[in-house]
Number of protein chains: 2
Amino acid sequence: MDSLLSNLKITVPEKLYVKDPESSDLGKRIVQHSILLIDEIGFDGFTFKKLGTKIGSNESSVYRYFESKHNLLLYLSSWYWAWIEYQLVFETHSLNPNEKLEKAIEIVTRTIKEDSKFSHVNEVILNKIMIKENSKSFLTNQVDQENKDGYFIIYKRIVHRLRDMIKAINPKYIYPSSLASTILEGSLHQHFLKAHFTTITDCNDKLTPTDFIKNLVLNTLKA
Amino acid sequence: MDSLLSNLKITVPEKLYVKDPESSDLGKRIVQHSILLIDEIGFDGFTFKKLGTKIGSNESSVYRYFESKHNLLLYLSSWYWAWIEYQLVFETHSLNPNEKLEKAIEIVTRTIKEDSKFSHVNEVILNKIMIKENSKSFLTNQVDQENKDGYFIIYKRIVHRLRDMIKAINPKYIYPSSLASTILEGSLHQHFLKAHFTTITDCNDKLTPTDFIKNLVLNTLKA
DNA sequence: TCTATTATAATAGTATTACTTTTATATTTG
DNA sequence: CAAATATAAAAGTAATACTATTATAATAGA
């Protein structure tokens with residue numbers, strides 16, 4: 001698995017960057033350290049200037065790779081979901097419908113615990129960022145234009161894959177897309193609550209968001 | 001109902017404002033027009049200066065009511081959930097457990113279609129704002145401190161009310177809090193998708209987020 | 001090897017933001 | 001009517017989110 005992924009280049013929509021950050025050392029350091037810095041100080045406090053200082057480079061150089069910090073977040077988000085999608089496709093490949101959906105839920109809802117080390121991207125921390133910052137990538141006034149421009153295509157493709165798995169199990173269920181999108185957002189939200197609002201979630205280290213979502217989805221489709 | 005609410009003052013945590021906006025004409029205009037302006041240009045584009053211009057007042061005067069635009073959002077969010085909570089309590093008052101949860105889901109997930117006109121707050125537009133901006137009130141680096149300070153108490157109380165209703169129906173279900181929090185966030189999210197990402201939701205004007213969530217919750221508790 | 005191209009860094013500058021402070025002028029209250 | 005309070009106006013500040021210009025370094029092609 002790891003070796004398979006190590007040979008794959010994660011592909012994100014080209015419009016998300018000015019210059020492909022994978023194409024140079026500086027670009028990779030920008031991505032690598034933006035993940036660490038956003039985790040440290042939050043996306044709202046994050047600036048290209050601070051990032052420049054951190055990587056011993058200049059603010060203006062960062063702008064040669066990303067048009068804005070918002071686009072950098074969109075890039076990180078797309079990268080994350082593309083990485084999840086690869087796992088989704090490979091790890092569920094030969095399973096029957098029930099096993100497949102269950103495995104898929106595990107993949108998209110689990111806490112990432114190991115940095116796969118095949119790249120400059122620390123997936124453990126990127127996962128943390130997604131829990132806290134992902135919704136900021138689409139809760140904007142530009143969402144419709146950016147959606148038209150294909151900025152969210154990978155995320156939507158994952159929802160569609162989940163939707164199809166749901167349909168395969170219960171073709172009569174009339175909310176397959178809504179259930180699929182709830183799996184993704186609901187999971188991120190439960191992870192957030194587990195970290196910051198423990199009184200309004202049952203999730204903890206023993207009873208995970210994965211357990212909750214699995215129970216929710218499988219019972220819903222059974223009924 | 002309407003007349004009942006018209007006599008009630010919505011109470012939000014005092015720390016959220018510097019001076020109670022309900023205590024003066026200017027305060028009310030600040031709240032009233034901040035709702036309209038945030039809806040118009042989004043919370044990110046919203047500034048006290050623009051608001052001042054809009055209400056024929058000054059930026060510095062707005063600061064006498066709210067410490068920051070973030071606190072204003074927290075205020076609006078608390079106001080909204082307090083308003084929802086009143087409806088929740090009154091409208092489900094005398095119902096049996098099953099009817100009660102069903103009615104509660106309707107109340108917290110429905111699209112607000114009528115401005116009740118009992119105040120300076122336009123609930124239809126405030127509901128729209130909550131769909132797009134509510135998560136920004138807690139997805140910050142200050143969330144733990146603000147949570148400690150009681151800024152999210154009303155929201156959490158609603159989740160607890162829903163949790164108790166869930167428990168009353170199925171005491172064996174082990175995720176009552178997570179399900180309750182999913183009702184609230186999941187509903188807002190489906191409303192957002194319905195408006196901006198129609199390909200990853202089944203919700204539309206005929207099949208509403210309420211229908212989806214009801215189906216999800218009731219099937220889950222039945223199983 | 002020289003030259004041209006490209007990448008990066010440094011510097012400065014801009015409009016705006018999210019405030020704070022000070023002062024002036026209304027308005028309300030005792 | 002004076003004192004207190006509320007509001008408005010103006011100016012200032014540090015930081016943000018960029019853009020533009022120029023200088024320097026690295027690399028690649030003839």
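Below, chain A is the first sequence line, B the second, and so on; all start at residue 1.
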>> One pair to check against salt bridge (Lys or Arg N to Asp or Glu O under 4.0 Å): A:Asp144 and A:Lys148. What are the steps and the verdict?
In response: CA-CA 6 Å; A:Asp144 293 332; A:Lys148 255 188 205 160; over 6 Å; no

>> Run B:Lys206 and B:Asp211 through salt bridge (Lys or Arg N to Asp or Glu O under 4.0 Å) and show every step you take.
In response: CA-CA 9 Å; B:Lys206 279 164 192 174; B:Asp211 297 325; over 6 Å; no

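In this structure, B:Phe46 atom CZ and C:dA18 atom P are separated by 10 Å, rounded to whole Å. D:dG12 atom C1' lies 14 Å from atom OH of B:Tyr63, rounded to whole Å. Distance, A:Asn71 CG to D:dC18 P: 9 Å, rounded to whole Å. As a whole-Å value, the separation of B:Lys28 NZ from D:dT7 P is 12 Å. Rounding to whole angstrom units, CG of residue A:Asp20 and P of C:dT6 are separated by 17 Å. Here the P atom of nucleotide C:dT17 and the CZ atom of B:Phe43 are 13 Å apart, to the nearest Å. As a whole-Å value, the separation of A:Lys69 NZ from D:dC18 P is 9 Å. Across the protein-nucleic acid pair, B:Arg64 atom CZ and D:dA8 atom P stand 11 Å apart, rounded to whole Å.
A:Tyr65 comes within 4.0 angstrom of sugar-phosphate atoms only, judged by non-hydrogen atoms across all strands, and of no base.
Comparing C:dT8, D:dA8, C:dA18 by their closest approach to the side chain of B:Thr47 singles out C:dA18.
For the pair A:Ser68 and D:dT16, the criterion of a side-chain N or O lying under 4.0 Å from OP1 or OP2 is not met.
With a 4.5 Å cut-off on side-chain heavy atoms, B:Gln190 and A:Ser181 count as touching.
A salt bridge links A:Lys54 with A:Glu40: the distance from a Lys NZ or Arg NE/NH1/NH2 to an Asp or Glu carboxylate oxygen falls below 4.0 Å.
Between A:Phe192 and A:His189, the angle of the ring planes stays under 30°, which puts this pair in the parallel group of the 30/60° scheme. Aromatic ring orientation, B:Trp83 versus B:Tyr80: tilted (interplanar angle from 30° to 60°).
Near DNA chain D, defined here as any heavy-atom distance below 4.0 Å, the residues from residues 48-62 of chain A are A:Lys50, A:Glu59, A:Ser60, listed numerically.
By the 6.0 Å and 45° rule, B:Lys15 does not stack over the aromatic ring of B:Tyr151.
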